[in-house]
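Numbered from 1 within each chain, the chains take letters A, B, ... in sequence-line order. Keep in mind that this is a model prediction, so the values were computed, not measured.
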Number of protein chains: 2
Amino acid sequence: MTAKITVEPSQKRQQAKQLREQQLLILAQQILQQDGFAGLTMDRLTALSSVSKGTIYNHFCSKEDLFTALSVDSLQRQLQLFQRALQIPGHSREQVLALHLAYHRFSMTEPTLFLCLLTATTPAVVEKSSPARLALRQQLELQLAAICQQLITAAIAEGSLQLAAGQSVDALAFVQWAQAFGANALLKPTQQLGLFSQLQPQPTMLLGVNLLLDGLNWKPLSSDWDYHASWQRIMTILATEAPGADGQLN
Amino acid sequence: MTAKITVEPSQKRQQAKQLREQQLLILAQQILQQDGFAGLTMDRLTALSSVSKGTIYNHFCSKEDLFTALSVDSLQRQLQLFQRALQIPGHSREQVLALHLAYHRFSMTEPTLFLCLLTATTPAVVEKSSPARLALRQQLELQLAAICQQLITAAIAEGSLQLAAGQSVDALAFVQWAQAFGANALLKPTQQLGLFSQLQPQPTMLLGVNLLLDGLNWKPLSSDWDYHASWQRIMTILATEAPGADGQLN
DNA sequence: ACCTGAACACCGTTCAAGT
DNA sequence: ACCTGAACACCGTTCAAGT
């Protein structure tokens, strides 16, 4: 599977190409932010970039492939945020909370990227994306899932969590993921939803996590620990840590 | 706001128009099922229908509006399924389970409609849909949410559930909804997700619901009741009840 | 080997003409 | 008042020519 046949002369070209691809993706994001999803056309992307149409199609096999590429970008950023969140001191349940918070913060501070992730889930996009790019996305999703699984495994080893019958590390990771994805997807792009618009996002998010983890009997239970305080603590750390880290030139 | 100005002479025309719209939506679904999302074009829809392009645009202001209309259809079907699920006898937690199961079954038996719902969440679709249709969708979502809230309220009245500090009926309904939406969205369209593909959908779904409700201390707890049996019971009822109910001519 | 942009083709949308 | 479908316009995609 790994290609050792490739020699190194073209190494630099490859790097330059990848850099240009990154610039195109940043440009696409800016267009999306300013003009909405209807405002992103290949013509506009070409006009605002320094390359020609043909070259853009050299990077992305279709407009949909561009969206999948943006979703890969989105997952990479998420992975960075997860790794930072794991550095925050605290017991295992607080670390789970940190992951949820990092995810939620991401969906709020970078709505465009999050919406790209949502869009890239759509069959219309999947159908017309390149297999290579879809594989890349899957690989990143696996890395994110692995982080969740490690946390769960560590909590079991440490004794704050015990698996009951019918539970598995994979299943627990999935349930967490589903909860986080669903809540963020419902909260962010649909502020017009009359009923849920009166809910405060952050306490609701915290409630969801607490219910799941209490249901698992993951210690310490929310009745024995002030997770609202944990949430605040983690949030201030995440907020001060990543002010102008990299990438986004707003 | 309510228009009483309209008189009744054109009542029949309106009904006929709505019937035709329904036929167009069924046709669109068939095209999606057979040829995928990339295969649905306004040309094809016109060719396979009995009306002209102009008439189709008389119904839907854009292709995106058509997707929103399909999502409205999807929500109507869901509403029906929810109402049926509520008829199933059982205590309040079993009724919650019945709703989750109905939703899950829907996403599995009608993947196309479910994917329309997902697609219609996308900003590209929202941006180009008619405000009237978006309002219709929101209204249906409110009806669905109301069902969830009623169930929660009833459980509180009955004594099997007590609201703790920081909990509200709205917040609990939201958390359930997020869980269900996230889990179904992650399960159905992404069977290619290496990690989660080895999970069995139904036990995982049940686990998620049990964790949330146990976390709420909603009686009877999963340790005191065989919810696997409940799940099976509810599923057989749902499966036998709705074989060829209406609409879908497969 | 890679880039270019004019040309192409498809498809969403409109509108003058018809009934 | 509503339907029609040819015409239009936009935009995604390609490819012969250039470097």
* Asked: Would you say the side-chain atoms of B/S62 pair up with the backbone N or O of B/K128, donor to acceptor, closer than 3.5 Å?
  -> yes
* With sequence neighbours left out, write down each residue that passes side-chain hydrogen bond (donor to acceptor under 3.5 Å, both in side chains) with A/R20, or none if nothing qualifies. => A/H59
* Side chains of A/P201 and A/T204: closer than 4.5 Å at any heavy-atom pair? -> no
* Sequence neighbours excluded - ring pair (Phe, Tyr, Trp, His ring centres under 6.0 Å) pairs with any residue from residues 118-137 of chain A -> none
* B/Q76: side chain to side chain contact (heavy atoms under 4.5 Å, CB included) partners, not counting sequence neighbours -> B/V72, B/D73, B/L140
* Please list every stem that involves DNA chain C, where a stem is a run of 3 or more consecutive Watson-Crick or G-U wobble pairs with both pairing distances under 3.5 Å. => C:4-8 with D:12-16, C:12-16 with D:4-8
* Would you indicate what B/K17 reaches in the nucleic acid, counting non-hydrogen atoms under 4.0 angstrom: base, sugar-phosphate, or nothing? => nothing
* Provide the start and end nucleotides, 5' to 3', of the part of DNA chain D that has atoms under 4.0 Å from heavy atoms of chain B. => D/dC3 to D/dG5
* Structure fact -> Residues of residues 41-52 of chain B with a heavy atom under 4.0 Å from any atom of DNA chain D, listed by number, are B/V51, B/S52
* Contacts to DNA chain C from residues 53-68 of chain A, heavy-atom cutoff under 4.0 Å, which residues? -> A/K53, A/G54, A/T55, A/N58
* To do: Would you please name every residue forming a salt bridge (charged side-chain N to carboxylate O under 4.0 Å, His left out) with A/D65, sequence neighbours left out?
  => A/R133
* Structure fact -> Residues at least two apart in sequence or cross-chain that pass salt bridge (charged side-chain N to carboxylate O under 4.0 Å, His left out) with B/E127, listed by chain then number, are none
* Of all pairs that satisfy ring pair (Phe, Tyr, Trp, His ring centres under 6.0 Å), the ones with a partner from residues 12-38 of chain B, not counting sequence neighbours -> B/F37-B/F67
* To do: Mind checking salt bridge (charged side-chain N to carboxylate O under 4.0 Å, His left out) for A/K53 and listing every partner two or more places apart, or none if nothing turns up?
  => A/D43
* Under 3.5 Å donor-acceptor, A/R105 side chain and A/L81 backbone -> no
* Compare all side-chain heavy atoms of A/M108 with those of A/H104 and state whether any distance is below 4.5 angstrom. => yes
* To do: Mind checking side chain to side chain contact (heavy atoms under 4.5 Å, CB included) for B/S52 and listing every partner two or more places apart, or none if nothing turns up?
  => B/T55
